[in-house]
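Below is one structure; the comments refer to it alone.
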Amino acid sequence: MKIDNTIETFNSLLKRRGFIWGPSPEIYGGLAGFYSYGPAGMALKNKVLSLFRQELRAFGFGEVECPTIMPEIVWKASGHLERFIDPVLKCKKCDTMQRADKFLQDLFPDLMIDGMSYDKMEELIDKNNISCPKCDTPFEKIEEYNLMLKTEVGAGNIAYLRPETATTTYLLFNRLDQDARRQYPVKIFQYGKAYRNEISPRQQVLRMRAFDQFELQLFIGKEQEMDYEDFNEVKTYELPLLNWRLQEENIDIPNTISLEKALNDNILKKPAYAYCIYLGYYLTKILGYPEEVIRLRQHSPNERAHYADDAWDLEIKTNQFGWVEICGIHDRTEYDLRRHGEFSNQNFEVPMGQDPKNKEIPQILEIAFGPDRIIYTLLETAFNVEDGRINLKLNPTLAPNTVAVFPLVKNKESIRKIAIDVHKNLLKHRISSFFDAAGSIGKRYRRQDELGTPFCITIDYESLKDNTVTIRERDTMKQRRIEISKVPEVINDKLLNITP
RNA sequence: GCGCUCGUAGUAUAGUGGUAGAAUCUCAGGUUCCCAACCUGAGGACCCGGGUUCAAUUCCCGGUGGGCGCACCA
């Protein structure tokens with residue numbers, strides 16, 4: 001097939017090299033919105049997750065894991081049952097579907113549609129003889145479209161697959177409060193699957209019906225939010241911020257300013273929230289995205305989720321899909337804990353300051369990553385074609401294979417033997433090494449370039465004489481000779497120099 | 001979900017009312033060796049179901065999946 005610098009070449013690479021396959025199950029024709037990761041994709045994903053876990057330990061976060069299915073009451077309390085079910089109007093004739101509330105709001109800008117009952121909406125439709133905008137046929141009655149996947153647990157207990165991991169983390173609040181010995185902020189993250197019954201999933205893994213979330217939560221006091229110690233360490237960092245007022249003026253170039261200035265200019269309100277924005281940006285940056293493809297975009301007030309007081313998306317610029325949200329940073333206030341306290345009859349007020357009598361429900365700040373979107377955008381931004389050669393310029397620490405080892409020729413037993421020894425020694429040092437003897441040496445280099453392997457070791461005739469091998473770097477294709485005994489050490493050194 | 005459009009080896013494609021052709025790929029053997037070389041041999045596909053027909057991968061209908069547009073996107 002043709003190798004050129006196009007999105008088609010990239011899309012076929014994803015499949016050919018075992019990054020992403022689907023929709024799954026492919027042999028049965030596939031189900032829209034479900035994808036599988038191949039070995040290369042999974043290796044990359046695992047390396048991203050490991051890096052995140054390692055970093056978050058350093059930032060003082062603990063990890064939890066909760067069930068992906070929760071009873072109905074949880075989603076009543078969280079507000080998802082109400083907000084994730086959309087009223088829809090279907091035309092009797094042409095089957096066009098409209099979202100009832102939005103449709104009516106557009107027709108009656110002066111009425112307050114939000115919160116109106118379905119009966120009231122029907123009444124409004126009847127009174128005004130509203131019909132399908134396409135074919136002028138009357139609508140069917142309002143139906144519900146539930147974005148949550150419903151299931152039954154045991155006999156007849158209604159439950160839902162979680163539409164986000166965050167809520168399940170909040171349900172542990174009283175445990176976490178004790179576990180952390182009331183040392184606020186309590187910092188917790190959860191990684192796992194979430195499910196949404198998207199009406200029309202498109203854009204590959206960017207909008208799946210079963211997807212990963214990696215969500216960080218800060219449980220924090222109201223006062224602490226405004227006077228947050230850790231913020232001082234990061235306040236001078238400059239971040240590309242595109243606030244909603246800029247967007248309203250049709251400006252889509254972010255303002256790169258320090259967090260301190262953003263607070264002073266009232267773009268951000270709370271130092272602790274600003275810190276979360278920094279943390280989201282930091283975790284994104286260490287994955288190796290170039291600066292120019294990252295921006296932080298604020299939601300306008302009517303774009304925000306039902307629980308959010310402020311919301312910023314961390315977006316990556318892609319060729320295929322434009323700006324893609326890979327992380328959402330939300331100020332969820334005390335909404336979630338208040339609701340779960342109410343619905344479960346628990347008292348979630350805890351003393352947050354010096355005075356044990358002064359109790360409050362903690363605020364929640366959330367940093368929610370979509371690992372699948374990370375994988376896609378990492379691959380797309382790393383994809384390069386240079387003179388007909390595909391080079392996947394992944395961050396070397398994240399590449400599926402760290403090293404590949406080749407015998408220069410496959411039919412010289414002495415050379416092959418050394419190559420296998422070098423390969424095994426690398427594995428012994430727990431360095432991801434891949435052995436390949438098939439095809440010409442050039443072809444083997446190219447195969448690894450397509451996987452983003454940063455280093456290739458080749459054993460040649462000279463190796464037989466002086467115990468040295470060549471190490472070739474992916475981006476420059478330059479090579480130099482090093483001693484066989486030093487191979488793992490050299491690789492580790494190189495990785496260390498690149499690691500953030 | 002609606003409309004338009006498309007679905008052929010792993011990948012990207014040609015083509016046909018009488019079951020497919022080249023490329024690349026994969027495997028084996030040979031040869032060469034530091035950037036997709038060459039030779040020999042082999043392997044591999046018409047999205048699913050129904051209909052029309054003597055015969056359907058091809059035509060029709062339905063489903064399903066992709067792309068685009070509309071709607072939706074916590």
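Labels below follow one simple rule: chain letters A, B, ... track the order of the sequence lines, proteins then strands, and each chain is numbered from 1.
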Looking at [N], I'd like to know if its phosphate oxygens (OP1 or OP2) sit under 4.0 Å from a side-chain N or O belonging to [X].
X: A:Lys410; N: B:C33; answer: no
X: A:Ser440; N: B:A37; answer: yes
X: A:Arg16; N: B:U11; answer: no

Exercise. Under 3.5 Å, is there a donor-acceptor pair between the side chain of A:Arg17 and the main chain of A:Leu451?
Worked result: no
For this session: Check whether the ring centres of A:Phe369 and A:Tyr191 lie less than 6.0 Å apart, and answer yes or no.
Result: no
Exercise. Looking at A:Thr458, A:Val487, A:Ile491, which hits side chain to side chain contact (heavy atoms under 4.5 Å, CB included) with A:Ile471?
Worked result: A:Ile491
Problem set entry | Sugar-phosphate, base or nothing in reach of A:Glu26, heavy atoms under 4.0 Å | nothing
Exercise. If you find the nucleotide of RNA chain B closest to A:Ile459 and the one closest to A:Arg447, which residue's nucleotide is nearer the 5' end?
Worked result: A:Arg447
Problem set entry | First encountered from the 5' end of RNA chain B, between A:Ile441 and A:Glu325 | A:Ile441
Problem set entry | Atom-pair distance (CZ on A:Arg202; P on B:C68), nearest Å | 7 Å
Problem set entry | Integer-rounded Å distance: B:A71 C1' and A:Gln203 CD | 14 Å
Exercise. Salt bridge check: are A:Asp331 and A:Lys269 linked by an N-O gap of less than 4.0 Å?
Worked result: no
